[in-house]
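Here is the structure we will look at.
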2 protein chains.
Amino acid sequence: MNCDHRLTSEEAFGRLQSALKAQGARLTSPRKMILEAALKSKKPFSAEIIFQNLKEQVDLATIYRNLTFFYEIGLVHRVDIGAETAVYEIGSKDEQHHHHYFVCKTCGKTEALESCSMVAVEAGLKKKGYRNLSHRLEFTGLCSAC
Amino acid sequence: MNCDHRLTSEEAFGRLQSALKAQGARLTSPRKMILEAALKSKKPFSAEIIFQNLKEQVDLATIYRNLTFFYEIGLVHRVDIGAETAVYEIGSKDEQHHHHYFVCKTCGKTEALESCSMVAVEAGLKKKGYRNLSHRLEFTGLCSAC
DNA sequence: TTAGCTGCAAAGTATTTGCAGTGGT
DNA sequence: ACCACTGCAAATACTTTGCAGCTAA
């Protein structure tokens with residue numbers, strides 16, 4: 001199974017335009033810069049990382065506000081891999097797509113996994129020298145009350 | 001597959017004793033109370049929740065320190081399901097055991113899943129009325145550099 | 001007795017919010 | 001021109017840390 005499912009820049013901006021129009025929001029310069037920085041990032045990113053990548057030209061509060069906005073319109077996912085900081089990543093074309101990560105318990109190093117087979121993933125990780133493996137499966141969606 | 005893998009109170013205190021002895025730490029009254037509260041909780045818990053369950057009889061800082069301690073000796077896992085707050089749960093007998101959750105994107109409701117089959121889990125959730133399902137698989141362990 | 005542990009208070013981070021001014025549309 | 005958005009600063013939430021006294025072993 002091919003897992004290169006990230007939104008392209010065009011797709012992302014297209015979605016953004018629709019969402020903006022749908023709720024009377026605006027495409028401002030900071031908003032554009034933040035999305036571009038997010039798209040450029042190969043790894044999951046935090047507000048602080050975007051802030052640094054934009055060389056502090058955009059206010060941190062604005063970045064927090066926009067990452068939340070992007071999250072609400074489904075442009076990014078929240079990942080939050082056992083960290084103390086909120087971590088996001090660019091959304092996938094297929095919302096049902098799986099998200100696989102490896103996280104080191106000691107240094108926090110995060111790596112997005114390319115394969116989608118749990119067995120193959122584990123074997124691949126072992127080959128790479130990762131030890132003491134365990135994994136966690138998390139479902140998200142809407143519960144019947146929502 | 002049976003997934004009732006939570007540590008019993010006896011097993012948990014046994015592990016605690018070993019860890020305490022191994023590093024010259026002590027079994028204090030607050031430490032005991034915190035572990036008991038954690039064991040009683042059917043759901044993942046935060047420091048604040050333990051604080052409330054103990055009716056604020058134990059200092060919050062002490063709770064934070066001990067949850068970290070329990071985490072370091074493997075007595076509890078960190079779950080952190082897309083939340084802004086650190087969330088823990090009592091450890092499993094088998095460290096390689098999977099951890100399955102359902103999290104509602106809207107209200108944050110969390111439910112521990114009993115089944116271990118991904119397909120069965122998804123079918124079960126749909127039957128319960130959950131919609132827009134997606135899931136995430138997270139591996140943890142030690143990377144080669146650690 | 002002697003460290004480890006606790007409570008309390010103060011300090012740190014991460015994130016959010018109020019508000020006046022700016023800028024898309 | 002209107003109203004959403006931004007930067008700035010202050011506020012809040014969560015968590016950690018310093019320290020003096022307490023207590024398990």
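Just so we're on the same page: letters track the sequence lines, and every chain starts at 1.
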Seminar exercise, completed: Rounding to the nearest 10°, end axes of the helix from C:dT1-D:dA25 to C:dT25-D:dA1 built from five pairs each make an angle of 40°

Exercise. Contact class for B:Glu56 vs. all strands (heavy atom < 4.0 Å): base, sugar-phosphate, or nothing?
Worked result: nothing

Exercise. Are B:Leu20 and B:Phe13 side-chain neighbours, meaning at least one heavy-atom pair lies under 4.5 Å?
Worked result: no

Problem set entry | side-chain N/O A:Asn66 vs D:dT6 OP1/OP2, d < 4.0 Å | yes

For this session: Give the rounded distance in Å between these two atoms: NZ of A:Lys32 and P of C:dG23.
Result: 14 Å

Exercise. Hey, is the main chain of A:Leu75 close enough, under 3.5 Å, to the side chain of A:Arg15 for a donor-acceptor pair?
Worked result: no

Problem set entry | Separation of atom OH in A:Tyr88 from atom P in C:dT15, rounded to whole Å | 7 Å

Exercise. With nearest nucleotides of DNA chain C determined for B:Gly24 and B:Arg65 from heavy-atom distances, which residue corresponds to the more 5′ nucleotide?
Worked result: B:Gly24

Seminar exercise, completed: Per atom distances to the A:Ala61 side chain, the nearest of D:dT15, C:dT6, C:dT16 is C:dT16

Problem set entry | Rounded interatomic separation in angstrom, taking CE from A:Met33 and P from D:dC5 | 17 Å

Problem set entry | Integer-rounded Å distance: D:dC14 P and B:Gln52 CD | 11 Å

For this session: With the side chain of A:Leu60 defined as its heavy atoms from C-beta on, choose the nearest nucleotide among C:dT15, C:dC5, D:dG7.
Result: C:dT15

Exercise. Nearest of D:dT15, C:dT15, D:dC3 to any side-chain atom of A:Arg26?
Worked result: D:dC3

For this session: Would you mind reporting whether B:Ile50 and B:Tyr88 have side-chain heavy atoms less than 4.5 Å apart?
Result: no

Seminar exercise, completed: Of the listed C:dG7, C:dT15, D:dT6, the closest approach to the B:Thr62 side chain comes from C:dG7

For this session: Applying side-chain hydrogen bond (donor to acceptor under 3.5 Å, both in side chains), name anything that partners B:Arg65, two or more places apart in sequence or on another chain.
Result: none

Exercise. Closer than 4.0 Å, any side-chain N/O of A:Thr28 to the OP1 or OP2 of C:dG23?
Worked result: no

Exercise. Would you say a side-chain N or O of A:Tyr64 is under 4.0 Å from OP1 or OP2 of C:dT16?
Worked result: no

Exercise. Atom CD of B:Glu48 to atom C1' of D:dT16: distance rounded to whole Å?
Worked result: 16 Å

Exercise. Given atom CD1 of B:Ile34 and atom P of C:dC5, what is their separation to the nearest angstrom?
Worked result: 12 Å

Exercise. Looking across every strand, which nucleic acid part, if any, lies under 4.0 Å from B:Ala47 by heavy atom: base, sugar-phosphate, or nothing?
Worked result: nothing

Exercise. Does B:Ile49 reach the side chain of B:Lys43, with side-chain heavy atoms less than 4.5 Å apart?
Worked result: no

Seminar exercise, completed: Side-chain atoms of B:Ala86 come closest, of D:dT15, C:dT15, D:dG7, to D:dT15

For this session: For B:Ile63 and D:dT15, give me the distance from atom CD1 to atom P, rounded to whole Å.
Result: 12 Å

Problem set entry | Of the listed nucleotides D:dA9, C:dC5, D:dT16, the one nearest the side chain of B:Thr68 | D:dT16

Problem set entry | For atom CG of B:Asp59 and atom P of D:dC14, their distance in whole Å | 16 Å

Exercise. Within the side chain of B:Ser18, is there an N or O that forms a donor-acceptor pair under 3.5 Å with the backbone of B:Gly14?
Worked result: yes

Seminar exercise, completed: Judged by nearest nucleotide, the residue sitting upstream toward the 5' end of DNA chain D, B:Gln17 or A:Arg31, is A:Arg31

For this session: Select base, sugar-phosphate, or nothing to describe what B:Gln23 touches, counting heavy atoms under 4.0 Å on all strands.
Result: nothing

For this session: Say whether, by atom type as modelled, one donor and one acceptor occur between the side chain of A:Arg78 and the main chain of A:Ala86 under 3.5 angstrom.
Result: no

For this session: For side chain to side chain contact (heavy atoms under 4.5 Å, CB included), just list the numbers for A:Glu48 and A:Leu60, CA-CA rounded to whole Å, side-chain angles, deciding distance to a tenth of an Å, and then say yes or no.
Result: CA-CA 7 Å; A:Glu48 184 66 32; A:Leu60 243 190; 3.7 Å; yes

